[in-house]
Amino acid sequence: MSQALDKPKQETRKIRVLVAKPGLDGHDRGVKVLARALSDAGMEVVYTGLHQTPSQIVGAAIQEDVDVIAISILSGAHMAIVPEVLRLLRENNAGDIAVLVGGIIPDEEAEELKKMGVYEVKGPGTPLSELVEIVKRAASARH
Amino acid sequence: MTQELEELVSLFRKGDTRALAKLITMCEESEDKARRIIDMLDVDTQRRAHIVGFAGAPGIGKSTLINRVIEEYRRRDLGVGVLAVDPTSPYTGGAVLGDRSRMNRHSVDPKVYIRSMGTRGQLGGLSRATRDAIRLLRAYGKDVIIVETTGTGQNEVDVARVSHTVVVVMMPNLGDTVQFIEAGPVEVADVFALNKADLVGADATMAELRSMVQLRFASNSWVPPIVKTIGTTGEGVKELVEWIEKHYKYLVETGELRQRERRAYLYEVVDLTKHRLSTLVDSEIGSDSHALEKIDFLDGSANPYKASDNFVKHLIERISGHTQQKL
Ligand SMILES: Nc1nc2c(ncn2[C@@H]2O[C@H](COP(=O)(O)OP(=O)(O)OP(=O)(O)O)[C@@H](O)[C@H]2O)c(=O)[nH]1
Ligand SMILES: [Mg+2]
């Protein structure tokens with residue numbers, strides 16, 4: 001057969017992101033706004049719903065083959081949840097998936113999380129456009 | 001790339017979930033990769049799985065219901081794969097894939113695999129890679145593969161073309177139920193789920209559905225049952241799954257299973273061919289407007305029908321290898 005049909009189109013690598021909201025804090029308006037902004041930037045955003053446990057988040061991230069996990073925690077439980085997510089990712093041979101954390105997190109704890117392997121930590125006031133850029137950067141660092 | 005692929009395939013054969021997930025991603029990324037993966041796995045000859053499609057209007061409760069259906073299959077110790085397809089925005093190329101949030105509790109069950117997919121520019125309710133993902137899940141050893149698509153009309157027809165059994169989900173008081181039914185291609189339904197049966201008006205809608213089924217399916221050898229369900233509590237889901245299984249048995253016993261699979265296969269060939277031709281058209285035009293101009297230069301008469309004739313002739317020459325030259 002000719003070249004024409006053999007080589008259809010250059011490949012499209014689409015960024016896939018998991019947006020998770022673990023812990024007990026109530027509403028998900030914030031993460032839904034973030035999900036929309038990321039999809040407007042051309043990404044595929046998997047939303048997992050409220051009150052997810054670390055093992056549910058990691059299970060979902062692996063099954064969905066995402067590049068990035070964006071975790072939003074306002075309940076203050078970040079030091080319990082995030083290290084567990086990182087541990088489970090490594091345990092499942094998925095330590096290359098980038099983890100971003102959003103929430104009200106004191107500087108020294110943010111530093112600690114980054115030392116553990118979190119890609120970036122951001123507070124609630126961060127502009128959406130900045131978050132979108134961070135996700136893009138985190139994803140491209142992976143490929 | 002080939003080595004990476006070989007490694008992935010060997011991990012996949014050992015049951016590695018990450019490898020499965022990555023292979024599906026590769027199938028989504030390009031047709032070329034999909035072809036190589038399908039070649040390597042030679043998957044169609046291997047295992048059997050019951051492919052069950054769920055269709056129905058947005059927000060009618062499909063994902064919530066599927067969450068319970070997974071539970072019911074797990075009670076029977078069957079392995080389940082779910083492909084949840086949502087539309088990709090034609091403007092941004094992005095998508096918010098929300099189905100998983102209704103069923104994410106199953107993420108920790110190693111015998112359940114759930115994957116969210118965007119339609120990625122494909123018209124209708126499925127993406128090009130959906131069928132590859134079905135094949136991968138079957139080769140992976142899933143007993144049941146559930147495909148969720150949203151919307152009615154063409155999307156129902158699309159999901160019917162890949163499924164053995166189609167569950168059309170309805171709910172009470174969906175405007176004028178009869179009118180709604182008339183508009184949608186209900187012929188593809190093998191089982192009706194009247195979901196949200198806890199809402200008022202369920203009995204009236206049930207009666208309407210019954211008379212519609214009597215009217216439209218009277219001469220069929222399989223008359224679709226209507227099962228009342230409540231996705232949020234799981235009520236009626238055992239009965240729903242029993243009917244889905246009865247339908248599969250019916251397909252096996254009557255030999256219709258083979259026919260459906262044959263038809264699904266032929267439609268896939270047709271769709272793949274359409275997709276490749278349309279990709280070819282796009283790649284001939286390219287992205288710059290100069291190339292676009294050349295299409296008209298083929299004729300110059302400003303008659304779109306003639307220009308298109310010439311374009312088609314050019315494409316045929318390209319395909320048959322008579323010319324290597326792009327436009
Ligand atoms: N009252 C009632 N609500 C239900 C039932 N099943 C689902 N819901 C609710 O209906 C809403 C939509 O449910 P989904 O499962 O997301 O619906 P869907 O059909 O998958 O939606 P799309 O994927 O967007 O097309 C949710 O708020 C569910 O909680 C039910 O049986 N009764
Ligand atoms: Mg859904």
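Residue numbers start from 1 in every chain, and the chains themselves are labelled A, B, ... in the order their sequence lines are given, proteins ahead of strands.
Environment of CG in B:D309: crowded, with over 12 heavy atoms of neighbouring residues, nucleotides or ligands closer than 6.0 Å.
Proximity to chain B involves both the backbone and the side chain of A:R36, based on heavy atoms less than 4.5 angstrom apart. When heavy atoms are compared at a cutoff of 4.5 Å, B:R102 does not approach chain A at all. Using a 4.5 Å cut-off between heavy atoms, B:V82 does not touch chain A at all. For B:S116, the parts sitting under 4.5 Å from any heavy atom of chain A are the backbone and the side chain alike.
Per-residue counts of heavy-atom pairs under 4.5 Å with chain A were compared for B:M117, B:K22, B:R105, B:R115; the largest is that of B:R115. Of the listed residues A:D96, A:N92, A:I57, the one with more heavy-atom pairs under 4.5 angstrom with chain B than any other is A:D96. Interface remark: of the candidates A:V45, A:V17, A:T53, A:V46, A:V45 forms the most heavy-atom pairs closer than 4.5 Å to chain B.
Each of A:M43, A:R13, A:K14, A:K136 was evaluated against A:D67; a single residue qualifies, A:R13, per the side-chain contact (heavy atoms from CB on, under 4.5 Å) test.
One finds a salt bridge joining A:E120 and A:K114 here, because a Lys/Arg side-chain nitrogen approaches an Asp/Glu carboxylate oxygen to under 4.0 Å. A salt bridge links B:E268 with B:R135: the distance from a Lys NZ or Arg NE/NH1/NH2 to an Asp or Glu carboxylate oxygen falls below 4.0 Å.
A heavy-atom distance below 4.5 Å is found between the side chains of A:Y119 and A:I134.
Between the side chains of A:Q63 and B:S107, no donor-acceptor pair is found at a separation under 3.5 Å.
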